[in-house]
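Worksheet: the structure to be examined is printed underneath.
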Amino acid sequence: MKEKIYVLDASGIIGGFISSKNLNITTSAVISEIKDIKSKIAAESALMEGTIILEEPDFESTKKVQMAIENSGDILRLSEVDKQVVALAVTLRKKFYPVVVTDDYSIQNILKILNIPYKSVLTQGITEVYGWIKICRGCRKKYPPDYDYEECEICGSAVYMKPTKK
Ligand SMILES: [Zn+2]
């Protein structure tokens with residue numbers, strides 16, 4: 001069995017999640033994104049103690065995440081730092097069992113698509129999501145998630161994935 005590790009985004013660190021049992025990993029961009037003084041001090045002391053380790057995603061994983069985002073229609077809602085966090089989890093998946101700690105719903109959506117587990121600090125996560133549909137950006141026609149084309153058969157606009165609720 002692979003060792004369980006936590007990949008933290010800024011919301012995870014600000015939410016006070018730093019595991020003492022498992023390794024916590026994040027990127028340097030996440031650390032510089034933290035503006036809240038208390039969280040910044042906590043993150044910096046955890047870095048000094050080695051409770052949090054800094055790693056960067058590899059190129060292959062970054063590309064894979066970019067493609068997943070483009071296919072999901074979530075492009076605009078994810079920052080570069082968000083993408084790096086997801087890509088870091090993809091990179092680390094080769095050696096570990098990464099669980100991403102984030103309260104960001106857009107990050108959680110991409111993680112779901114990539115089949116990477118996540119944990120929410122403040123909220124309950126998107127547990128109500130049970131499936132996906134595809135929707136046309138133009139005429140809003142709905143398609144099943146396995147609809148194979150990127151364009152709508154009615155109007156030719158791009159089709160994107162959307163989580164559906166119960
Ligand atoms: Zn359409």
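In listed order, ligands and their atoms are each counted from 1.
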*Answer whether the closest heavy-atom distance between the side chains of L111 and T102 falls below 4.5 Å.*
yes

_Q84-E80 side chain donor-acceptor pair, cut-off 3.5 Å_ = no

*Do the side-chain N and O atoms of N109 and S106 include a donor-acceptor pair separated by under 3.5 angstrom?*
no

*Listing residue and atom name, which protein N/O/S atoms are closer to the Zn ion (ligand 1) than 2.8 Å?*
C136 SG, C139 SG, C152 SG, C155 SG

_Linked, directly or transitively: M67 and V65 (ILVMFWY side chains, under 4.5 Å)_ = no

*Give a yes/no verdict on a cation-pi contact between K63 and F59, requiring under 6.0 Å between NZ or CZ and the six-membered ring centre and an angle within 45° of the axis.*
no

Could you pull out all donor-acceptor pairs under 3.5 Å where a side-chain atom in residues 35-42 meets a protein atom, sequence neighbours excluded?
from	atom 1	to	atom 2	distance (Å)
K35	NZ	S32	O	3.1
D36	OD2	S39	N	3.0
D36	OD2	S39	OG	2.3
K40	NZ	I34	O	3.1

